[in-house]
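Each chain gets a letter, A, B and so on, in the order its sequence line appears, and its residues count up from 1.
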2 protein chains.
Amino acid sequence: MTDQLPRRPARISDVARLAGVSLGTVSHALNHPSRVRPATLERVNDAIRELGFVRNANASTLATGRSSNIGMVAIAFGNSMFVDIARGAQRVARAAGYNLLLAGSEDSYDTQGQFVQFFDEARVAGLLLAPMEDSSEHVGRMASHGRPVVLMNYDGPEDACRVVVDNEQVGYLAARHLIERGCRRITVFGGGDEFQPVQFRRRGIRRAIEEAGNAIEVDAVSTDGLTPAAGEAAVAPIAAAAPGERPDGLLCLTDAIAIGAIRGLRTAGVDVPGDMLVMGCDHNTQSWDGDVTLTTIAMRGLEIGETAMGLLLEELTTPPSEHVHRRVELEPRIEVRASTTPAPARAR
Amino acid sequence: MTDQLPRRPARISDVARLAGVSLGTVSHALNHPSRVRPATLERVNDAIRELGFVRNANASTLATGRSSNIGMVAIAFGNSMFVDIARGAQRVARAAGYNLLLAGSEDSYDTQGQFVQFFDEARVAGLLLAPMEDSSEHVGRMASHGRPVVLMNYDGPEDACRVVVDNEQVGYLAARHLIERGCRRITVFGGGDEFQPVQFRRRGIRRAIEEAGNAIEVDAVSTDGLTPAAGEAAVAPIAAAAPGERPDGLLCLTDAIAIGAIRGLRTAGVDVPGDMLVMGCDHNTQSWDGDVTLTTIAMRGLEIGETAMGLLLEELTTPPSEHVHRRVELEPRIEVRASTTPAPARAR
DNA sequence: TTGAAAGCGTTACCAC
DNA sequence: GTGGTAACGCTTTCAA
């Protein structure tokens, strides 16, 4: 099959020599087959196969100045929304002849910057970025090098196209759901106020509460982080309160926190959903490993990815002078599950 | 901040001119700062900053013939095990100064081949591959170009290092769990016999059944695919059977199928875990969106990723003549949840 | 310590 | 149609 290991890969010139044609002809055969006589083409292809030749994309990008690679850096693929986004973007990219390269920033702005730099150095055609905070600096760097950036899931001052989900509506839907299920005393649970989606969700929650008039009592408990462990730790006082003293609904600002909270409550003997309804907000299936399935809000990741890649491709094929940045907003949807469905009403 | 958009990015020669040194000196400043006089270095760095210079990695890779990028292609990141693998690999790669680039083959051998080709063209240093079937062809191609490949989660004839989880043990643990929980009539549920992990799991199931003597009645139902929808469709006859006629335990060969099966059973009025215990096998949190939390087997993805990247880095730094391929096998662990925990025994 | 110059593998333009 | 040949931007060796 494969001959001896050719430590040095075959080059176009090797193919040319073997096929008995010139280097330029091989290049033509590769890039504009129609401009080459069929017989010659065949000889070239035979030589390519025989040598196991694989074109060097680095040289190619260097020579042409263009690349068919698009980079995507997301907060963390541990959050399944970003996996969905990646899948949606991937699909659209491939259909258009582009490759999507993925990198996870692991929740760190520095790491995000390193990956942006990496893709910049790799001279990708464009970048999809799902940041966690104002990333004008990173966006600006790419843009000043002529590489378009589309932001996802973040609304900031950056000068770029973006696709977001209406996070105020996320909070609104969540709060209204608990109210409709009979909660009169709701605790908004979780930290992360430095993250924009969380801020918006809080605003939506407020709107739902106001709509419900004075009927609802609300307070807030902060967690130290957004992990299940943080949720479990911070829920202890609530779990320890007397039945009459504790909230009947826990609105968690992320799914990860919700899972931890449920674990903490049940450990302390508070039943979910029997004694308290609990829900999450961000459809992070990766977090769904608790004992109870979680009501949450679907973030439509697939569509975010598809839309964002669509905007990027559009920008790629439009003269910069004619391009106008756009902002697309998608509506979230609630997904009701066991954690807010007390036994009597529970589907069997 | 950023000046006019320099449609053409700054090159080393631009930096050299601005700093008043030669091109070679700038390159030295970039790659061997210690060999450059501090004052010169500073002038160079100022120029770099001023011009917003970003090194062209394509040119660099082309000139040196080496790359600090490693590619990973996995079946699909919709399966959370592969996300875990990627995170583990990422961590180890970065610590060693490598970048990990991710691509999802979306369950298609062709797509996998295209990404392998892509990484081959990009001249990555090495490749992590989580294939779904014999990929000797892809492995061989990379290997013959001097690029090491480490396989993950697959045991095939390929000539390469690999990290696998003991899938026979997966099946064994699953079956023994159901037996211990009192099941006497178990249906092994799901298709995918063309996939190696599934084959191994079946073997382990058989071993557990044999160990239990003649006490256990077993049969098998095939699904048409591995999706929740396939599981839901195929479970209909079981759900329709009279209580005395149906199994008391359903051992699903993947989590995705299990979720579908549970949905189908409950829709038909069969309670899980009340009337029947159901479990999955592959710890795919992405599938966990049913009404009941799922007992499953943890696949230790993080460790697979870390170990595989470790092997790859080792191979990268060993002369090919001295390298000997290794196979590392990790032991799975069971995670018990609601779908196999009937009410009486259920933790509250 | 710095500079000049020869590649790295492709592409693309221009002759033939 | 095909064959030269000059870039592309960087690294690295060798001299100065």
**Message:** Name the residue from Met142(B), Gln112(B), Met152(B) that meets the side chain to side chain contact (heavy atoms under 4.5 Å, CB included) definition with Leu129(B).
**Reply:** Gln112(B)

Rounded to whole Å, how long is the line connecting atom [atom1] of [X] with atom [atom2] of [N]?
| X | N | atom1 | atom2 | answer |
| --- | --- | --- | --- | --- |
| Leu62(A) | dA12(C) | CG | P | 12 Å |
| Arg35(A) | dC13(C) | CZ | P | 9 Å |
| Asn56(B) | dG9(C) | CG | P | 16 Å |
| Leu23(A) | dT10(C) | CG | P | 8 Å |

**Prompt:** Pick the nucleotide of DNA chain C nearest each of Ser27(A) and His28(B); which residue has the one closer to the 5' end?
**Reply:** His28(B)

**Prompt:** Would you find a donor on one side and an acceptor on the other, under 3.5 Å apart, between the side chain of Ser135(A) and the backbone of Glu133(A)?
**Reply:**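 Side chain of Ser135(A) to backbone of Glu133(A): a pair is present.
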
**Asked** Is there a donor-acceptor pair under 3.5 Å between the side chain of Arg162(A) and the backbone N or O of Gly156(A)?
**Response** yes

**Item:** Rounded distance (nearest 0.5 Å) linking atom CG of Asp84(A) with atom CD1 of Ile304(A)
**Value:** 9.0 Å

**Item:** Pairwise distance CG(Leu312(A)) to CE(Met72(A)) - rounded to 0.5 angstrom
**Value:** 12.0 Å

**Message:** Checking side-chain polar atoms at under 3.5 Å, does Asp134(B) have a donor or acceptor matched by the opposite partner on Ser136(B)?
**Reply:** yes

**Request:** Specify the residues of residues 115-122 of chain A, ordered by number, for which at least one heavy atom lies under 4.0 angstrom from an atom of DNA chain D.
**Result:** none

**Contact list for DNA chain D against residues 12-21 of chain A - heavy-atom distance below 4.0 Å** =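 Per residue number, the list reads Val21(A).
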
**Message:** Taking 4.0 Å as the cut-off, does a side-chain nitrogen or oxygen of Thr25(B) come that near to OP1 or OP2 on dG3(C)?
**Reply:**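 Yes, such a contact exists.
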
**Asked** Hey, does the side chain of Arg55(A) come within less than 4.0 Å of dG9(C)'s phosphate (OP1/OP2), counting only N and O?
**Response** no

**Request:** Could you list the residues that satisfy side-chain hydrogen bond (donor to acceptor under 3.5 Å, both in side chains) with Glu314(A), not counting sequence neighbours?
**Result:** Arg326(A)

N/O donor to acceptor pairs below 3.5 angstrom from side-chain atoms of residues 31-40 of chain A, sequence neighbours left out:
| from | atom 1 | to | atom 2 | distance (Å) |
| --- | --- | --- | --- | --- |
| Asn31(A) | OD1 | Arg55(A) | NH2 | 2.8 |
| Asn31(A) | ND2 | Ser27(A) | O | 2.9 |
| Asn31(A) | ND2 | Ser27(A) | OG | 3.4 |

Report which part of the nucleic acid [X] touches: base, sugar-phosphate, or nothing (heavy-atom distance under 4.0 Å, all strands).
| X | value |
| --- | --- |
| Thr40(B) | sugar-phosphate |
| Arg66(A) | sugar-phosphate |
| Asn31(B) | sugar-phosphate |
| Gly65(A) | nothing |

**Message:** I'd like the 5' and 3' limits of the part of DNA chain D contacted by chain A, with heavy-atom contacts below 4.0 Å.
**Reply:** dG1(D) to dG9(D)

**Item:** Test: Arg94(B) cationic atom under 6.0 Å from Phe115(A) six-membered ring centre, within 45° of axis
**Value:** yes

**Request:** Kindly determine whether Arg123(A) and Glu121(A) satisfy salt bridge (charged side-chain N to carboxylate O under 4.0 Å, His left out), including the steps that lead there.
**Result:** CA-CA 5 Å; Arg123(A) 299 296 190 262; Glu121(A) 292 186 358; over 6 Å; no

**Message:** If the condition is side-chain contact (heavy atoms from CB on, under 4.5 Å), which residues does Asp46(B) pass it with, not counting sequence neighbours?
**Reply:** Glu42(B), Arg49(B)

